[in-house]
Amino acid sequence: DQQVKQNSPSLSVQEGRISILNCDYTNSMFDYFLWYKKYPAEGPTFLISISSIKDKNEDGRFTVFLNKSAKHLSLHIVPSQPGDSAVYFCAASALNNDMRFGAGTRLTVKP
Amino acid sequence: DAGVIQSPRHEVTEMGQEVTLRCKPISGHDYLFWYRQTMMRGLELLIYFNNNVPIDDSGMPEDRFSAKMPNASFSTLKIQPSEPRDSAVYFCASSFVGGFGEKLFFGSGTQLSVL
């Protein structure tokens, strides 16, 4: 069963604009959430994370928002750059120490 | 550190053959994870180890799949016999302290094609 869902397989935005990637989860036991970025022919790399005690975490151009009541999180990239073009995976973990991933969203930033 | 190292990078085999994927985690990491990436399901957790002991293998698709971690620096994922539906990218990842709140470090993956 897909405990972490990314319903948009792809997203295209113009350089300089905001990119918003969304993620929903079903397991209320998840209390730590991460975003990973993946370029072709490479493994995913960690981008940003947030714990359930927060509703926002910011790192430079990247901000993650968490809405626990809605079981929803989002990643905002402002401003978007062509180098941000990649597949973004949402992930969630709980105390049992495994990490579940969504199906990914392919972001294309057009110059 | 060289990061998580996976081999081979690409594997093409025929249906029914045995396939063995290999992984060397980052030194000092005590958790090791095997994931499979497909278009439909994204990154699926297959199995993970803590201190070389399998903790959760509920994601392993069926008995054709097996994984071992004989020591802290080596793990294998074996498929026997392989089937075309096993074609995917298989990733190994490691972490310190475990996946809870701790980011995973991924290898570059093994692209498996079963003809």
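A, B, ... follow the sequence lines: proteins, then strands. Residue 1 opens every chain. Keep in mind that this is a model prediction, so the values were computed, not measured.
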**Request:** Taking the six-membered ring for Trp and the full ring for Phe, Tyr or His, determine whether the centres of B/Phe106 and A/Tyr36 are under 6.0 Å apart.
**Result:** yes
**Fill in**
Of the listed B/Gln37, B/Gln6, B/Met39, B/Glu44, the one with the largest count of heavy-atom pairs under 4.5 Å with chain A is B/Gln37
**Prompt:** Between A/Leu34 and B/Lys103, which heavy-atom pair has the shortest distance, and what is it?
**Reply:** CD2-CA, 4.0 Å
**Request:** Locate the shortest heavy-atom distance separating A/Ala41 from B/Arg9; write the atom from each residue and the value.
**Result:** O-NH2, 3.0 Å
**Prompt:** More than 12 foreign heavy atoms under 6.0 Å from CG of B/Asp63: is that the case here?
**Reply:** no
**Request:** Would you mind reporting whether A/Met99 and B/Leu104 have side-chain heavy atoms less than 4.5 Å apart?
**Result:** yes
**Asked** In terms of hydrophobic clustering (I, L, V, M, F, W, Y; side-chain heavy atoms under 4.5 Å; direct or indirect links), are B/Ile26 and B/Tyr90 co-clustered?
**Response** no
**Request:** Return yes when atom CZ of A/Arg17 has more than 12 non-hydrogen atoms of other residues, nucleotides or ligands closer than 6.0 Å, and no otherwise.
**Result:** no
**Prompt:** Hey, any chance A/Phe101 and B/Phe49 share a hydrophobic cluster, counting ILVMFWY side chains that come within less than 4.5 Å of each other, even indirectly?
**Reply:** no
**Request:** Please flag which part of A/Lys38 lies under 4.5 Å from any non-hydrogen atom of chain B: side chain, backbone, both or neither.
**Result:** side chain
**Request:** Spell out, yes or no, whether A/Leu107 and A/Phe65 are grouped together once hydrophobic residues are joined by side-chain heavy atoms under 4.5 Å, including indirect joins.
**Result:** no
**Request:** Determine the option with the most heavy-atom pairs under 4.5 angstrom with chain B, choosing from A/Gly102, A/Ser51, A/Ala103, A/Ala91.
**Result:** A/Ala103
**Asked** More than 12 heavy atoms of other residues, nucleotides or ligands under 6.0 Å from CD of B/Glu83: is that the case?
**Response** yes
**Message:** Please classify the contact between A/Phe30 and chain B as side chain, backbone, both or neither, with a heavy-atom cut-off of under 4.5 Å.
**Reply:** neither
**Request:** Report yes or no: do B/Phe74 and B/Phe65 belong to one cluster of Ile/Leu/Val/Met/Phe/Trp/Tyr joined by side chain heavy-atom distances under 4.5 Å?
**Result:** no
**Request:** Could you tell me which non-hydrogen atom of A/Pro44 sits nearest to which non-hydrogen atom of B/Phe91, and how far apart they are?
**Result:** CD-CE2, 4.0 Å
**Message:** Need one label for B/Phe105: side chain, backbone, both or neither, based on atoms under 4.5 Å from any heavy atom in chain A.
**Reply:** neither
